[in-house]
Each structure stands twice: as structure tokens, then as C-alpha cells.
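So the structure is just underneath, and the comments pick up after that.
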Amino acid sequence: MSALNPEQPPTGPTIARTTAAQVPDKVSLDGLEARWDAAWSAQGTYAFDRTRTREQVFSIDTPPPTVSGSLHVGHVFSYTHTDVVARFWRMRGLEVFYPMGWDDNGLPTERRVQNYFGVRCDPSLPYVEGYTAPFEGAAGKSVRAADQQPISRRNFVELCMRLTAEDEQQFEALWRHLGLSVDWSHHYQTIGRDAQTVAQTAFVRNLARAEAYTAEAPGLWDVTFQTAVAQAELEARDYPGAFHKVAFHRPDGSPVYIETTRPELLPAVVALIAHPDDERYQHLFGTTVTSPLFGVEIPVLAHTMAEPEKGVGIAMCCTFGDLTDVQWWRELQLPTRSVLTRDGRLTRETPDWITSAAGTALFIQLAGKTTFSARTIVVDALREAGDLDGEPVATQRKANFYERGDKPLEIVTSRQWYIRNGGRDAELRDTLLARGGELKFHPDFMAVRYQNWVGGLNGDWLVSRQRFFGVPIPVWYPLDADGEPRYDVPIAPPESALPIDPSADVPAGYTPDQRGVPGGFMGDPDIMDTWATSSLTPQIAGGWLADPDLFARVFPMNLRPQGQDIIRTWLFSTVVRSHLEHGSLPWSDAAISGWILDPDHKKMSKSKGNVVTPMGLLEEHGSDALRYWAASARLGTDAAFEIGQMKIGRRLAIKVLNASKFVLAFGAPDERAALLDADLVTVPLDRAMLAGLADVVDRATSALEQYDHTRALELTETFFWAFCDDYLELVKDRAYAGGAVESDVSTGTASARAALGIALDSLLRLFAPVLPFATEEVWSWWREGSVHRAPWPTSGPLRAAARDADPSVVTAAGSALAALRKVKSRAKVSMRTEIAAVTLVVPTALGPGVEVALDDVRAAGRVTGTITIETAEAESVVARDTELVPAEPKPVELHI
RNA sequence: GGGCCUGUAGCUCAGUUGGUCAGAGCGCCGCGCUUACACCGCGGAGGUCGCCGGUUCGAGCCCGGCCGGGCCCACCA
């Protein structure tokens, strides 16, 4: 195949002794991040080569982090996963398209700006040139909401832009420090002009194809932010409430009891509803009752959604207390009697369906009250009227909240824009389910979340928001002779005019003075939901409109990395947009990262206040160390925040530096004359080591191809530690023998040196995606260019040098060495202590390996006398009858 | 109520199609300054693989049930 497996150039571990490597006397991780970030930047190491064709490109739809504060270690975690993937495929020879974006539009930024500058947006105000905010920074936080200075939308947006620009600089600095191999010339903002153009163009096309539509309907509404909220942004939370048993009255005065947690909605009641099969209420169906206090006559109806087990089995249907009410209202064609307004208070005017004197008098008390105080008033009145049976019974119920809000959502009728997503159309839903089925999730079980969500949609995608800092809905409405907007014939701008702001720009055929006057026009006042823009990140990043040539080279993209919590939002909405616009998936693969849990196993999030900011960690432990920690966790699995794991990563990175220093002390192999150097590897132990490494290369490569970076790292790391602890020790003497003059050394010495160089070359490449700084540092000691643009290692050249050797020879020799070490450790003597004589009891299977590497075992174990070998059935080598040579007394250093 | 994930040494986790699978690292204990590394090295102790059944010659690994942890959806009378 294939796009992802281009032919590798015939390079590999290559070696020819030349000059000495430029190895520092003292190696260190300190300062590598700043040095290499600058070098990569200057050399364009990660610059995307846009001359490549789609088949030669690996494109990544980067998650744009929300710019409303600071990044935390969870970001470091998941973004490292992506970077490992990017680096792997880059080394595999694909040109990696890896842009970075900032999600800076939307509510989080609005709130941050309000708190930072002590202002709030009032779209009715005019723009002020050269505006200066009353506060800045911490001072703005102390300003009460009521005292925030009202400013125009344009001034507000300017402040948003200013603050996000500052945040984004800090974000970029952090990502650079972490070593993300992003091409920083390709970055975008979701509030940026390009993003607005893309978002509005896509919307206008959705509109033209009737995929977007406007409708007035009851919907979930956040009374704090005073905006409509989409299904995907809901969060069910526990909320205290109370059941109130309330009496309605039949014409003869007899009571019919219902239970409700929302007694303040009694003035909005439109029916009582019970299950059609519920025998208790058969005699009531078709009759009417009157509501207590307000005396409104309402029907008793049957509907299968009523559950006999709940409460007393008969419910009061209000417009609107919950989504079931909406369904009853729609299906039973009930009247609309809304009493809740958009600010969460009861309407100020007494509704016309309340006609009784007592009802009117009571409603005047309720007018303008919040639901909470209205409830108290209604309950007191019910109690007084004798229509409250018993006292309210406290209960803990689930209520829907906007995920960023802190008051339960109400249901308010409003006009909104929707994009069809299968929520009301079985055929489209099945199509989108099938689209999701084409997507390769990593790990694969995450696909279930997509299927569950799409299968459970109960409405189309609500995209309009009554907010300020976002992409405007790009339409106007004609005003009729009465000045009323004609929502059925929205005026869309031509694509060439985009982006537009309908509150400032004027539609074709109108003049500015016709705004807001009968026969004129009005702009849609709303903005698009954040997801309506970020669902287009592949198009924004890939240059869909601005750079079609680029777009053709990167789209559909290869990879969407993201968190599991936004499969229902970001992932799904992106699939929807791509399906509607391009008839394809936006990417072939989705890599889903888990969460970071704090040491108490709680999800780490800003709202919980348990976040750890990354820069301090990066500076203390080093970027490679944090990357190691992140790369140690599998995709889709939550991971603990563990300092210990970072320390291990740091140790590994330092080990890479030191082991490399050792290997390169024997001369700097260069990339020429590969065959010649491979031929130098003649000693069985050396060949066995390379054979083992070849296996590691194959398995690690396969793991990375399957998005299993954890296994690749583990395989490489395990090999590397054995390489350091056993192989290096075994060949150390042989490698040192004969001095530095290359031509004079024995074949054994030449073999060790060649094998060490070959192994180091492959090991550095294997580690490069996870430890970009340490590996690049070493690479710079002996090679031209960047390790991150070097080809990914292949096993072929290693096997050629290994000549079919058996990797277990290294294991056998290592086991023999361990046995000798154990003797010394037990005797509490230095590892340098010489052994005059020893018998090694060797497992049958390891016998040949020990025999063939005996000289190296002898040297590494400091055995000066005879080694007797016996075979036995066992798992590892055991040393016995050992004669240790007593150490000579240490010379005492005299300090004068 | 439906669904997904998960429960292996004190801690964090590997254990790929059931047959040396009882592992690694950290931590802990002991030892050692060995011309790559004391930001190090060497050695050691530690677990009836959540529980109960079943399939099998054989099960952390497969099946059923139970218990515990996490998450998503539904449930707002």
C-alpha cells in the first residue's frame, strides 16, 4: 500500500568510523528545551512541505485548546500522545500536517474578559474609539456583575481579542517547551477572520441546501446567560426539590390530587395527564378540572408517556416544566401558557387565561418574581386554601444544567437556528451512524459512545446562541409593513461577501437607513455556538476556502485526536459538517485520550480546583520526562498524575545521554559505508544483540502503526535498559581494548564498536518521538540534520548485520553475569572484585549462549581464574564454589 | 433502568489467539564510588491475579452470577 507506508529509502544503521564525535565532557538535560526549540524553529524542522500530494501527507486535526486561562497537565498528557504520533509518521517518511489552533470564541472568553476588565457587553451601546477598560487583571475580578461597565459589542470583542492574544502567546510558549512538533506557521483562531469565513460559508451552504433552518419552539434555556442551550451541552446534576401533593377540583368540587416539584408553574398548567390504561383515572379522561388558586379549567387527558408508578400516576402538564411537557404539548396539541420569561422570572403581566379575581390577585404577587420566591408564595397560598395535602416531601432529583451554568435550565419558547443532524430524521441518523462506523476509533470501544449518542438524539442541532463573542449568524430578515421580521425568507449574503456582521453590514438591495424600519431589514442578532465553528476545524486548518490547493493535499485528514468527553460534541458535529459539505468523513482515524486523575483519582479539572500547571513541572523534571509520563499511558485510559513516573522518564533521558556518550567515545560512525560496518560485526554476542534489536524495531513499529505508543515505548525501553545493564557491561572491556586507533584494533573490538554504533543509531530513532530533546542532543553530537527528520528504523539492516543470530545469547550471557554479580553482592564486595574460580550452573537452554559469550562474561565478571560449567534444569544461571580475590587495601589519600 | 470501561505485589501498571503468566518500574531492605552515568550500579524481600460457580487435560486470560470503582445515556409527576 499505501499512503501510510511509503517505500523507505535504503538507509538504516550505517556506520563508518571517521572522526571523533563532538561529545561534551559532561552531559545534561538542562537547557535542551530552549536550545532545540530555537534550532528546530530556525531550521524549519517541522515545516510542512506543501508540495507533497495527499498520499504523502499525514494530516492532523489538532484540538484547539480553549483559551480562557491556563493549560494544565491534562493538556500536556493528551497533546503529547498526538505529538508522538506526528513524530512517528514524519520519520516514516510522510509529510506531517500538524497545525495548532486556539479556541478563543465563546462564553469562556466572555466571562474571562468580564472578570479581567470589569466590563460587560451591551449590544445596544455605540462603539467607543480608543476605549480604555476601567480595570485590568486581578482588579477586575472584584467588580460585582452589576457594577461592570457596559460597553458596545465591538469594544467588548476587541477586549476579547486582546486578552486571547496574550493567552495564546503563553500557550505557544508552553507547547514549544513541551516539544510539540507543530508547524507554527499554520495556526488558527476560532474567532479569527478565516475561521469566521469558513463558519459562515458553511452555514450559508447549509441554508441553501435546507440543512439549516430557523424555528420558534420551546427549548432549553439558561436563565443566567440568557441563551439557548444545545442537547450536547447538557449536564444532569443532582438538585434538591420537594414533592408537593396538590388538589385540582372536579366540577362537583371533589379533589384530584397530583404531585409536582414545580408548584410555581401552576399558573401555566394546561392539562392533567395519566396513562390510558391506568384504571384509577379512566373515569376522568375527557372531563375537565380546575386548577387550585387560579381556577383555570383544563382537560384530563391520556398519554402513554405518563407513568402510573410515578407520584400518584397523574401529572400536571405545564408549558413548560420539563421536556415531557413539551412532548405532551406537541402531541396533544395543547395551548401555550408560558409564564416564565428569559431571565428566569415570572412574567410581569397577568396572563389572560387567568380570569378569576383570586387568581388575578395572586398572580400580581408572583409577577416578576424568580421561580424560587414564586414557589414559596404559591405553596403558602395552597396551604392556606387547603389544596396542599400534607407538607412538601424533600427529594433529590436530577435536573438539566448547562454545563457552564449553575441554575437549572428552564424551557422557554424562542426562535433559533438548527442544523439537521439526524435528531429528527431517521434516514439521516442512519447515514450518520454509518459514517461513524467508517471511522477508526482508537481504542475501538470508543465507537460505542458515538453510536449511543447519535442513536439517542432527540432533536436537531441548535446552533444559535444569544451571546456576543462569536461568529455572527450571517443572515438578515426583511421587515414587513408592520416592521415584523419575515423569518421564513432570510436574506443570505453571497459567499464572496463573507465574513459579515449583519448588525453592521447591509444586505444587497438595502441601504443602511432601512435597518429596523418597516419595509426595511434587520440583522440576525445571534452568534453561532462554539461547536458550529469548531466543527469545521479540518476546513479552517486545511485552508478549505483560502487555500484550496493546500486543502486538497490534507483533506480528508488522517487523524483527529481528542478527549472522550467531547465525542458527542466536537467529534460528532465535525462528522456532521463534513458529511453535509463533502460527503465524506473528516478524517480516517480518531485517537481518544483519557483523563488525568489527581492522586485521589478525581478527574483533574479547573472547576475542581485540583489542576496542576505544567510549566513548573516541565522546568523541574524536563520536557522529555513529562512526555515519558504521558506516553506511558494508553489511549482511552485515564491516568494518574504521577511525579514518580516523570522522574523515571527523566532518568531514562539522562541514561540515553550517558549511554550515547559511552558508545560515541569509540569514534563517531557516520552514515556512509553501511555494508562495510555491518561486516565488522563478527562476534556472536554482538550479532545476537542486533537480532534482538531488530525484533524490537519490528514490534515497536507495528505497535505505533496501531496507535499503541505505550507498547512501542515499553518494548524500546526494556531493550534499552538490558542493553545498558548487560550488553554494555559485557562488551565494555572488548570495546576499550586496543586503544583508540581504529586500524590497530582486533576483530573483537571492531565488532563491539560497530555493534554499539549500529544499535545506538536505531535506539535514538526509536526513542525520538517520546524523548525528542535527549535524542536530538545526542544526534547532534555525531550526525548532520535532525533525528526527527531521519527515517524511522527498519529491521532489515539490523538483521543483515546480525546474520540470523539468536537473540537469546544476550539473555544467556546476561544471566551468567547476573550470577557472578549476585555472588559479589551477597559477599558485600565491590563489583570490581576479582573472581579466582567459579562454577556456573547453566540451564540447558542457555548453555550454548553462555558458552559462546564466555569471554565477555569472564571479562565483565572480572573472573581471572577458571570457569567450570555445569548444566542443569533451571531458569537462570547460578554461580557456586566461588573464590573471590580479597581486595587490596585502598590507598589512603593524604590531604595536606 | 440501558450501555461502555475497570478491579493483578504498598503504589502505578504489563500480561497479545487459554499451556514456564505470576511480571516491570517505583517504593522498601541490603550492598557497592566499578575510566557512560552516584541525577548511578548490583542484589533481595513482596501477590491464593475482587468473590463464587462453569467450560477445559489446563484459566488473570473464555462463559455465567455476585461485589467494588469510573464514565456516558435515560429518569426530572
Next item on the list: Answer yes if the side chains of A:Q706 and A:S702 hold a donor-acceptor pair under 3.5 Å, and no otherwise.
Entry: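 A donor-acceptor contact under 3.5 Å links the two side chains.
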
Notebook entry, point to check: Who passes salt bridge (Lys or Arg N to Asp or Glu O under 4.0 Å) against A:D725, sequence neighbours left out?
Noted result: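 None.
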
NA contact type, [X], heavy-atom cut-off 4.0 Å: base, sugar-phosphate, or nothing?
{"X": "A:M305", "answer": "base"}
{"X": "A:A236", "answer": "base"}
{"X": "A:Y239", "answer": "nothing"}
{"X": "A:A306", "answer": "base"}
{"X": "A:E307", "answer": "base"}
{"X": "A:M316", "answer": "nothing"}
{"X": "A:R262", "answer": "nothing"}
{"X": "A:D725", "answer": "sugar-phosphate"}
{"X": "A:E717", "answer": "nothing"}
{"X": "A:C317", "answer": "nothing"}
{"X": "A:R237", "answer": "nothing"}

Can you check nucleotides 44-46 of chain B for protein contacts, nitrogen or oxygen pairs under 3.5 Å, and list what you find?
| residue | atom | partner | partner atom | Å |
| --- | --- | --- | --- | --- |
| B:rG44 | OP1 | A:K822 | NZ | 2.8 |

Note to self: Between A:L220 and A:R862, which residue's closest nucleotide on RNA chain B lies nearer the 5′ terminus?
What the structure shows: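 It is A:R862 whose nearest nucleotide is closer to the 5' end.
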
Item checked: Residue whose closest nucleotide on RNA chain B lies nearer the 5' end, A:K310 versus A:W721 -> A:W721

Notebook entry, point to check: Looking at side-chain heavy atoms only, is the closest gap between A:W595 and A:D565 below 4.5 Å?
Noted result: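 With C-beta onward as the side chain, the pair touches.
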
Check: Above 12 or not: heavy atoms from other molecules or residues under 6.0 Å from CZ of A:R429?
Finding: yes

Between [X] and [N], is there a side-chain N or O to OP1/OP2 distance below 4.0 Å?
{"X": "A:K26", "N": "B:rC37", "answer": "no"}
{"X": "A:T324", "N": "B:rC76", "answer": "yes"}
{"X": "A:R634", "N": "B:rA14", "answer": "yes"}

Next item on the list: Assess A:K732 against A:F662: is NZ or CZ under 6.0 Å from the centre of the six-membered ring, and within 45 degrees of the ring's axis?
Entry: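 Flagged: A:K732 positioned over aromatic ring of A:F662.
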
Below 3.5 Å is the cut-off: list the nitrogen or oxygen pairs between protein and nucleotides 21-28 of chain B, distance only.
| residue | atom | partner | partner atom | Å |
| --- | --- | --- | --- | --- |
| B:rC26 | OP1 | A:R651 | NH1 | 3.0 |

Item checked: Anti or syn - B:rG46, cut at 90° from 0 -> syn

Margin query: By the rule that syn is within 90° of 0, classify the base conformation of B:rG30 as syn or anti.
Written below: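 B:rG30: anti glycosidic orientation.
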
Next item on the list: Could you tell me whether the side chain of A:T749 and the main chain of A:R734 form a donor-acceptor pair under 3.5 Å?
Entry: yes

Next item on the list: Tell me the partner of B:rG60, counting only Watson-Crick (N1-N3 plus N6-O4 or O6-N4) or G-U wobble (N1-O2 and O6-N3) with both under 3.5 Å; none if nothing fits.
Entry: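 Across any shown strand, B:rG60 pairs with none.
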
Next item on the list: Quick one: look up who B:rG41 pairs with, Watson-Crick or G-U, both distances under 3.5 Å, and put none if it's unpaired.
Entry: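 By the stated definition (distances under 3.5 Å), B:rC31 pairs with B:rG41.
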
Note to self: So, under a plain 3.5 Å distance rule, would you say the side chain of A:K655 forms a donor-acceptor pair with the base of B:rC37?
What the structure shows: yes

